[in-house]
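Taking it in order: structure first as structure tokens, then the write-up.
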Amino acid sequence: MGIKKHILVIPGDGIGPEVTTWGKAVLENIAEEYGHEFTFDGALMGHAAIEVTGSPLPDDTLAKAKASDAILFGAIGHIKYDNDPSAKVRPEQGLLKIRKELGLYANLRPIMLFDELLDASSLKPEILKGTDILFFRELTGDVYFGEKKRSEDGNTGSDLMIYHRYEVERIAVKAYEAAMLRSKRLCSVDKANVLETSRLWREVVQEVAKRYPEVETEHMFIDNAAMQLVKNPKKFDVVLTANLFGDILTDEASQIAGSMGMLASASIGDGTGFFEPIHGSAHDIAGQNKANPLASILSVALMLEISFGLTEEAKRITDAIDKTLKAGYRTGDIADAHTDPAKILGTKQMGQKVLQYLKETVLN
Ligand SMILES: NC(=O)c1ccc[n+]([C@@H]2O[C@H](COP(=O)([O-])OP(=O)(O)OC[C@H]3O[C@@H](n4cnc5c(N)ncnc54)[C@H](O)[C@@H]3O)[C@@H](O)[C@H]2O)c1
């Protein structure tokens, strides 16, 4: 029996619209094939929204977001703001606000490693092979939301790093639940030797751990975790960490997967889920048909699995990507010296290839 879902598509800025087109096309294909009814709406956010409405997150977008079953997001950001730190209205305010408004406190980032891309990473294939990590990054607390100050003379700045017990507890529970379904190993990353917020973090994680005695818990300092991640990534399974540490660690981990263009993420809370590639708007390649659309397509697979419980459909998508890569097709960011130049594709051609394999893929 097919299901009915209403999906909001927010393409955003830069390469956002280019890659999101293919995420949406895959959703349409899955709906058709499995008899689901997916309806779509679109909305503005980021620089694109500032240009039209003056706000990075217009009320209309927020209302549509709250009324949808899931959101497919591209990326936001514009070079104009990157070079002007004093701009009061900024694209990223839209993203921070929607996370807060939708209560998206947990950001899930699976580090999926396609065997075909072992050589695309800067790490050695023998170190990478078999890596399978699921990051849980806290998303609505930490220095991102604490008070920000600048002294009157402009020479001193500060950002308040703050966490409340309930914020740590609710994401810890989500991470332990996931660990129970995986290999029952969880590593909590903090800086408890220096930071009070980390001491609270560790205390709460230790309490939650008692409810999951089957899960083997390890606590690691962020500096050590950053090092271990490239030294021996296989040692990690579920990684639980705060907002700032998670931001940095997951970008580091993107190199395990070969490129930012390969990683998807899900932001969840108690309501509508938000699905997006981990990359930004990539001004350097925007509008040139060079962006890798696979992270957006993998975001759709996460949406189907996490928000709609459609695991078979999600697997169908990852299988189609696997087949596309096995056939030798690459976008520029994941191509290497061994890639057949005739198989280096643009965004559009890569999207079309995945759709072709999606139609042909039979689940094994
Ligand atoms: N979630 C978001 O919307 C988000 C996240 C990070 C950065 N940003 C914004 O994006 C803008 C650019 O930031 P940045 O350059 O630090 O990060 P970025 O992720 O946009 O780009 C980093 C590098 O990775 C490459 N890259 C990223 N995605 C790619 C893809 N799909 N295919 C091929 N190559 C890809 C880019 O070309 C660039 O060289 C900034 O305005 C920043 O604020 C937005």
Side-chain angles (χ1 to χ4, degrees), residues 9-23 43-51 56-57 61 71-85 87 89-100 102 104 107-109 117 120-122 137 139-140 144 243-244 246-255 257-267 274-300 302 321 324-325 329-336 339 344-351 354:
V9 180
I10 307 180
D13 306 320
I15 62 168
E18 296 172 63
V19 297
T20 309
T21 297
W22 296 102
L44 294 173
M45 207 169 116
H47 171 68
I50 296 172
E51 291 284 281
L57 179 65
T61 301
I71 299 161
L72 175 63
F73 173 69
I76 43 120
H78 192 277
I79 202 148
K80 170 169 145 187
Y81 308 91
D82 295 351
N83 296 332
D84 178 11
V89 179
R90 313 183 59 81
E92 59 271 21
Q93 290 163 345
L95 195 52
L96 295 180
K97 187 166 174 207
I98 202 168
R99 286 174 181 166
K100 234 352 183 206
L102 295 178
L104 304 170
N107 184 233
L108 278 65
R109 295 188 177 188
L117 296 184
S121 172
S122 48
R137 167 189 169 196
L139 207 57
T140 51
Y144 292 76
N243 204 345
L244 179 63
D247 191 3
I248 299 165
L249 270 192
T250 51
D251 264 25
E252 183 188 347
S254 73
Q255 278 316 296
S259 166
M260 303 271 280
M262 291 302 298
L263 288 185
S265 81
S267 301
F274 191 88
F275 299 83
E276 59 173 315
I278 80 157
H279 61 71
S281 50
H283 324 298
D284 53 338
I285 54 167
Q288 298 171 38
N289 194 35
K290 282 185 180 165
N292 183 346
L294 296 181
S296 180
I297 296 173
L298 285 166
S299 303
V300 160
L302 277 182
I321 292 179
T324 307
L325 296 172
Y329 295 106
R330 303 281 188 274
T331 41
D333 58 311
I334 48 173
D336 61 24
T339 309
I344 301 180
L345 306 180
T347 312
K348 185 172 170 210
Q349 294 69 26
M350 188 57 145
V354 175

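Note that ligands are numbered from 1 as they come in the structure, with each ligand's atoms numbered from 1 the same way. Hydrogens, waters and symmetry mates play no part in the numbers below; they use all other heavy atoms, side chains included.
In summary, the side chains of H279 and N292 do not present any donor paired with an acceptor at a separation below 3.5 Å, with no hydrogens or angles considered.
Under the 4.5 Å side-chain criterion, counting only non-hydrogen atoms from C-beta, D333 is not in contact with K290.
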Check your understanding: Checking side chain to side chain contact (heavy atoms under 4.5 Å, CB included) for the pair I76/H47: CA distance, chi angles, key distance, verdict?
Key -> CA-CA 7 Å; I76 43 120; H47 171 68; over 6 Å; no
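Looking at residues two or more places apart in sequence or on another chain, you find a side chain to side chain donor-acceptor pair (under 3.5 Å) between R137 and N243. Take D251 and apply the side chain to side chain contact (heavy atoms under 4.5 Å, CB included) test, not counting sequence neighbours, and it matches R109, M260, I278. Listed by chain and residue number, I111, F135, L229, I256 satisfy the side chain to side chain contact (heavy atoms under 4.5 Å, CB included) test with A253 (two or more places apart in sequence, or in another chain).
Enumerated by chain and number, the residues approaching ligand 1 to less than 4.0 Å through a heavy atom are I15, F73, A75, I76, G77, H78, D82, L95, M260, G261, E276, H279, G280, S281, A282, H283, D284, I285, A291, N292, D333.
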